[in-house]
Amino acid sequence: MENTEKKKIILSAMQPSGEPTLGNYLGALKNWVALQDDYNCLFCAADLHTITVRQEPKVLRERSINVLKLFMAVGIDPEKSVLFLQSHVHQHAELSWVLSCNTQMGELSRMTQFKDKSQKHADNINAGLFTYPVLMAADILLYKADLVPVGHDQLQHLEIARDIAGRFNHFYGDTFTLPEPYIQKSGSRIMSLSTPENKMSKSDPNPNGFISLLDPTDTIIKKFKRAVTDSDSEVRYSPDKPGISNLLDIYSAVTGKTIAEAEKEFSGFGYGDFKLAVGEAVASMLKPIQEKYNDLGKNPDYVKEVYTNGASFASRLADRTLSKVYKKVGFVAK
Ligand code: ATP
Ligand code: LTN
């Protein structure tokens, strides 16, 4: 990444908390790929965030590498974008500490993700889960990111990152860039196939709820066939038809057709035909991604080189911001 060009900066991340899903792809990854020519981009596997939920260490290690491989398989080019693991750049955790001293308990307790995850993991409501958005703010602010491409569920975290940045700038003088969210209309809120009231999530214990980017074609078709819909038979977008509306959203995001065009295409068809068509469209979109992913699996040295170089580049950038912050808050220079 040539930072001397006057391009704006993008930072985004994904937790290696499972196999990335169709929701992660349509809501985030697809936009990362589209934006990488016009921005200086940094993308990381947010492994520090992932341990807010209990993980098997061996599995976390594998998933962290796999997420980076998927970034590349969907089309993130390491020649254009910086790819790294969050834990390899120690400045994230350090800035997070300073920012946590500039964040109020009250604002953190309003976060819906904290409320959701506390309910899901009632036996482990740890402090990291609570301060999760502060670490996310550190990820973004370290690189002075202008834009953060994410799915709709992350909007609240982006708002708090802006609030934290604004407050720090107010007390200590201009330090951070206020980041803007980048959320596409189409695909930014893909819902679970088994409970369409909830968002599709890679850590869902029910695998029928999500399509993994690595699911084989027959599994994809089977999962779409089983997708929960209503007792009606009309392929129509409507708030009282969350299952069918979600499938229409997916079909539209994958094919580029509008919802109205899709409704017209399937008028007079039953749900079975529609579900099959959605499944086939998704499977054929994922096929080349899976092939590229398998090829990368044969070349672990190359993958390691990418994330090692990525971390050293990111660390140099991050250090500039962290040094400035340490100076501003009154720490003695080394
Ligand atoms: P977890 O299940 O561990 O909470 P997740 O599947 O929700 O994980 P994240 O790693 O938290 O995924 O999110 C990575 C990116 O994917 C974020 O930008 C997020 O907004 C986006 N994203 C996640 N789920 C969806 C979804 N269902 N629809 C659209 N975008 C999504
Ligand atoms: N919290 C995000 C993942 C994430 C992120 C970030 C996204 C961690 N750090 C920085 C954008 C920018 C999520 O999707 N759950």
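The figures that follow rest on heavy atoms only: side chains count, while hydrogens, waters and symmetry mates do not. For ligands, and for the atoms within them, numbers begin at 1 and follow the listed sequence.
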Exercise for the section: Tell me, yes or no, whether the heavy-atom count around Lys287 atom NZ, taken from other residues, nucleotides or ligands under 6.0 Å, exceeds 12. Expected result: no
Practice task
May I ask you to check whether over 12 heavy atoms, not counting those of Phe269, lie within 6.0 Å of atom CZ?
Solution key: no
Exercise for the section: Report the relative orientation of the aromatic rings in His88 and Tyr307; use parallel for angles under 30°, tilted for 30 to 60°, perpendicular for over 60°. Expected result: tilted
Problem - Those residues that, when tested against Ser194, pass side-chain hydrogen bond (donor to acceptor under 3.5 Å, both in side chains) (two or more places apart) - result: Ser192, Asn206
Exercise for the section: Take Asp153 and Arg189 through the test salt bridge (Lys or Arg N to Asp or Glu O under 4.0 Å) and record every step on the way to the result. Expected result: CA-CA 7 Å; Asp153 61 307; Arg189 228 173 113 75; over 6 Å; no
Problem - Distance-only polar pair, side chains of Thr50 and Gln55, donor-acceptor under 3.5 Å - result: no
Practice task
Examine the side chains of Glu234 and Tyr271 and answer whether a donor and an acceptor come within less than 3.5 Å of each other.
Solution key: no
Give every pair made of an N or O atom of ligand 2 and a protein N or O atom lying under 3.5 Å apart, one pair per line with both atom names and the distance to 0.1 Å, or write 'none'.
unit_1	atom_1	unit_2	atom_2	d
ligand 2	1 (N)	Tyr132	OH	2.6
ligand 2	1 (N)	Gln154	OE1	3.2
ligand 2	9 (N)	Asp139	OD2	2.6
ligand 2	15 (N)	Tyr132	OH	2.9
ligand 2	15 (N)	Gln154	NE2	3.1

Practice task
Please list, by chain and number, the protein residues whose heavy atoms come under 4.0 Å of ligand 1.
Solution key: Met14, Gln15, Ser17, Gly23, Asn24, Gly27, Ala28, Lys117, Val150, Gly151, Asp153, Gln154, Gly187, Ser188, Arg189, Ile190, Lys199, Met200, Ser201, Lys202, Ser203
Handout entry: ring-ring contact (aromatic ring centres under 6.0 Å, His included): pairs with one or both residues in residues 273-300, sequence neighbours excluded
Key = Phe266-Phe274
Exercise for the section: Measure centre to centre between the rings of Phe176 and Phe168, then say whether the value is under 6.0 Å. Expected result: yes
